[in-house]
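Only heavy atoms go into these numbers, but all of them, side chains included; no hydrogens, no water, no symmetry mates. None of these values were measured; they are calculated from a predicted model.
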Amino acid sequence: MISLYDTLTGEVRPLTLREEGRVALYACGPTVYDHPHLGHARSALTYDVLRRYLEWRGLDVRHVANITDIDDNIINRARDEGSTESEVAVEWEAVYIDAMAALNVLDPHDRPRATEWVTEMVDFVARIMDAGVAYTTPTGVYLRVRDVPGYSDLVHRDLDDLRASAGARVEVDEAKEDPLDFALWKAAKPDEPSWPSPWGPGRPGWHIECVAMSLGILGDDFDIHGGGNDLVFPHHTNERAEALAVGRSFARHWVHNAMLNIEGTKMSKSLGNYRTVVEMLDEHPDNGRAFRLLVLQTHYRKTMEVNADLMASARAACQRLDALARRASVLNRPPESLGPRDLDESAVDAFNTAMDDDLGTPQAVAVIFETLRRANAALDRGADDAEVLAATVTNLAGALGVAVDAARRGADAGDAAIDDMVARRQAAREARDWATADALRDELSALGVVVEDTPAGPIWRRA
RNA sequence: GCGCCGGUGCCCGAGCGGACCAAGGGAACGGCCUGCAAAGCCGUAAAGCCGCGGGUUCAAAUCCCGCCCGGCGCUCCA
C-alpha cells in the first residue's frame with residue numbers, strides 16, 4: 001500500500017484513489033517569464049518521480065502540469081523588452097520544457113496553458129458569483145473568504161491569525177471587504193492584455209486558473225494535487241476555496257515539496273546565489289542526472305542543500321552506476337535483457353517498502369547502492385547472481401528516472417584520436433612495454449580520460 | 001511578531017522509543033586485486049554525549065518543556 005503525507009490532514013496516510021488503478025495527478029507548473037531555477041527543477045523532479053513510481057507499481061497515471069502564461073511578471077517582462085506577453089511566454093516556455101527534458105523529466109500527459117482556458121475560468125468565476133460568495137469592486141471580482149467554511153484548513157492556521165498578519169508584506173486593497181479576500185478576476189488596466197467577461201474586460205486571477213484546469217481536465221475529486229510548499233498559502237488555499245465555494249470536491253491528497261538552499265542559505269536573486277537549471281546543466285555534461293540523484297537523496301519534504309561539492313559527489317555516485325553497467329555488459333544476460341520479473345526480490349521489496357512510505361527516496365537510493373555493492377561482489381567472484389543483481393540496480397534506478405548507461409564513455413566519443421591512443425597503449429602493454437603504456441595513459445589522463453583495463457579489454461571514459 | 005519545517009560523523013543525508021548495525025552517497029586512510037593504475041571488493045574513522053539545557057521512561061537521536069541557530073510562508077506575488 002502506498003502512503004503519502006497529506007498537507008490537509010497533516011499526516012502520512014494511505015493513498016486512496018478515486019478510481020481503482022488510476023491516478024489523476026495535477027502538479028503546479030511555472031510562470032514562464034525567465035529561466036527556470038533549481039527550485040523549479042526540484043519541484044518538477046519530485047512529481048516526475050512520484051509519477052514514475054506510481055507507474056512502476058502498475059498504476060495508470062494521468063499527469064497534468066500547467067503553464068502559467070499570463071500574469072504580472074510576464075506583463076512586466078514584455079514591457080521591459082518591448083515585446084508582447086505572448087512572445088515572452090512562448091520563449092520561456094520553450095526554455096523550461098527543454099530544461100526539464102534535459103533532466104529526464106517525463107512530459108506530463110497534459111500541459112494546459114492559462115490563456116487557453118480563459119473561457120472556462122470566466123465560467124467558473126460566474127458560478128462563484130452565482131453562489132453568492134464573491135463581489136465586485138472597481139478593481140475586479142473578489143471571493144469572500146469568510147463565506148467558505150474551512151478556508152484556512154490547508155495552512156493549519158486560525159482565520160483571525162491569518163487576517164492579523166495579512167498585509168504584513170503587501171498593501172491591502174481598500175476596496176475589499178476583508179483583507180483576506182482575493183481576486184478571481186482582475187479588471188483590465190491600460191495597455192494590459194485582457195479578455196471580455198460579464199464584469200468587464202480583464203484577466204483571470206492566478207488561483208482560478210489551476211482550479212479550472214485541474215477540474216476541467218481531471219474532473220472532480222481528482223487524486224493528487226502537488227506543488228512547492230510555498231504554494232500552500234495563498235495559492236492552493238485559494239484554489240481550494242474556489243472549488244469549495246461552488247460545492248465541488250477538490251483534491252483527495254495534497255502533496256508539497258520543500259525548497260532548496262544553495263551553500264547553506266536560501267536561493268534568491270538578491271543574495272546572488274540564484275542558480276538556473278541551464279547554468280547547472282552547462283557546468284558538466286552529467287549534471288542533469290547528478291542533480292536528480294541529489295534530489296532523490298533528500299526526502300522531498302525536507303529542505304535540501306545544493307553546492308558544487310554535492311554536485312560532484314552525486315556525479316561520482318552516478319559513475320559507480322555506470323561502472324557496474326560496464327562490467328555487467330559482458331555477461332551472458334546483461335541488465336537490459338532482464339525485465340522487472342527477473343529482479344532480485346529482496347532488493348525490490350526493500351525498494352518498494354521505502355517508496356511506499358511517503359516516497360522514501362533516500363532509503364530507496366540506499367537500497368540501490370547496497371544492491372550495487374552486492375552485484376560487484378558477485379561479479380568479483382564470478383557468482384551466478386551477478387546478472388540479476390546488476391539488472392536490479394539498473395531497473396530500480398530507472399524506476400526513479402536515473403539512467404544507467406554502460407556505454408557512457410563520453411557521448412561525444414567518436415574520438416578516434418582517443419580510441420587510437422587507447423589501442424596503442426594496449427599494444428604496448430601486450431608487449432610488456434610499461435613505460436610506453438604508462439606514458440600514453442598519462443597523456444590520456446591529461447585529456448581528462450580515464451582508462452580501465454577489464455578482462456574484455458580496455459575501456460575509457462571521461463573523468 | 002505569528003505559523004510550519006529542520007539542526008545526526010569531514011561534507012550531504014536516512015533513522016524518529018529498544019536487538020549495538022546510527023542506512024546510503026561523497027571525501028580520506030589501510031588491505032586485496034593490478035606490471036603499476038583505474039574499476040571493484042574488504043576494512044578503518046583517538047574524539048558523533050545525534051544543536052544546548054532540563055524532564056518522562058526499565059530504555060531516547062527518536063516523546064515533553066525551555067532556549068539558541070537555520071529555512072519557508074504570512075493575499076491580488078512561486
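Side chain of D453(A), nearest nucleotide from A37(B), C41(B), A23(B): A37(B). Comparing C36(B), C76(B), G13(B) against the side chain of E305(A) picks out G13(B) as the nearest. Ranking A39(B), G35(B), G26(B) by closeness to the E452(A) side chain, first place goes to A39(B). Comparing atom distances between the A366(A) side chain and each of A23(B), G25(B), C36(B) picks out A23(B) as nearest. Listed candidates were A38(B), G24(B), C76(B). Nearest to the side chain of R461(A) is A38(B). If you check G13(B), C41(B), A39(B) against the side chain of D380(A), the one that comes closest is C41(B). Listed nucleotides A27(B), A39(B), G71(B) differ in distance to N261(A); the shortest reach to its side chain belongs to G71(B). Ranking A27(B), C74(B), G13(B) by closeness to the R157(A) side chain, first place goes to C74(B). Counting only heavy atoms from C-beta on, K186(A) has its side chain closest to C76(B) among A23(B), C76(B), G24(B).
Across all strands shown, C29(B) is found opposite G43(B) as a Watson-Crick or G-U wobble partner, with both distances under 3.5 Å. C76(B) is unpaired under the criterion used here, namely a Watson-Crick or G-U wobble arrangement in which both key atom distances are under 3.5 Å. Base pairing of G35(B): no nucleotide in any strand meets the Watson-Crick or G-U wobble criterion (both distances under 3.5 Å).
Nucleotides G13(B) and U56(B) are separated by 34 Å at their P atoms, to the nearest Å. Annotation: A23(B) and G9(B) have their C1' atoms spaced 13 Å apart (nearest Å). For U34(B) and G70(B), the C1' atoms lie 48 Å apart once the distance is rounded to whole Å.
Residue-to-nucleotide contacts include no donor-acceptor pair under 3.5 Å from the side chain of R301(A) to the base of C5(B). The base of G40(B) lies outside donor-acceptor range of the side chain of R373(A), with no N or O pair under 3.5 Å. Below the 3.5 angstrom threshold, one finds no donor paired with an acceptor across the side chain of N229(A) and the base of G73(B).
Within a 6.0 Å sphere centred on CG of D420(A), other residues, nucleotides and ligands contribute more than 12 heavy atoms. More than 12 heavy atoms of other residues, nucleotides or ligands lie within 6.0 Å of CD in E11(A), so this atom counts as buried by the packing criterion.
When the nearest nucleotides of RNA chain B are assigned to L294(A) and R203(A) by heavy-atom distance, the more 5′-ward of the two goes with L294(A). Nearer the 5' end of RNA chain B, as judged by each residue's closest nucleotide, is the contact made by N307(A), out of N307(A) and A377(A).
The distance between atom CZ of R441(A) and atom P of A37(B), rounded to the nearest whole Å, is 9 Å. With rounding to whole Å, M304(A) atom CE is found 14 Å from C11(B) atom C1'. In this entry the distance linking CD of Q297(A) with P of G15(B) reads 14 Å, nearest Å. Between I208(A) atom CD1 and C76(B) atom C1' there is a gap of 13 Å when expressed in whole angstrom units. In this structure, CG of L440(A) is placed 18 Å from P of A38(B), rounded to the nearest angstrom. If you take NE2 of H256(A) and C1' of G3(B), they are 15 Å apart, rounded to a whole angstrom. For the pair L296(A) CG and C12(B) C1', the computed distance is 14 Å after rounding to whole Å. Rounded to an integer number of Å, the gap from CG of L444(A) to P of A38(B) is 16 Å.
For the pair R320(A) and G40(B), the criterion of a side-chain N or O lying under 4.0 Å from OP1 or OP2 is met. Under 4.0 angstrom from either OP1 or OP2 of A14(B) there lies at least one side-chain N or O belonging to K302(A). The side chain of R425(A) places no N or O atom within less than 4.0 Å of a non-bridging phosphate oxygen (OP1 or OP2) of A37(B). Regarding contacts with the backbone of C41(B), a side-chain N or O of N376(A) is found under 4.0 angstrom from either OP1 or OP2. Distances shorter than 4.0 Å separate some side-chain N or O of Q363(A) from OP1 or OP2 on G15(B).
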Quiz item: Does the salt bridge (Lys or Arg N to Asp or Glu O under 4.0 Å) test come out yes or no for D286(A) and R315(A), once each step is laid out?
Solution: CA-CA 7 Å; D286(A) 205 16; R315(A) 266 184 257 123; over 6 Å; no

Exercise. Kindly indicate, with the supporting measurements, whether the criterion side chain to side chain contact (heavy atoms under 4.5 Å, CB included) is fulfilled by N238(A) and Y151(A).
Key: CA-CA 8 Å; N238(A) 288 348; Y151(A) 169 76; 2.4 Å; yes

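Checked for salt-bridge contact, R79(A) and D72(A) miss the test: no charged N lies under 4.0 Å from a carboxylate O.
Put simply, the side chain of S445(A) never gets that close to the backbone of R441(A): no donor and acceptor are under 3.5 Å apart.
Y300(A) pairs with exactly one of T361(A), N229(A), D358(A) by the side-chain hydrogen bond (donor to acceptor under 3.5 Å, both in side chains) rule, that one being D358(A).
By the 5.5 angstrom centroid cut-off and the 30-degree plane limit, W434(A) is classified as stacked against the base of G35(B).
A cation-pi arrangement, defined by a distance under 6.0 Å to the six-membered ring centre and an angle within 45 degrees of its axis, is absent between R157(A) and F233(A).
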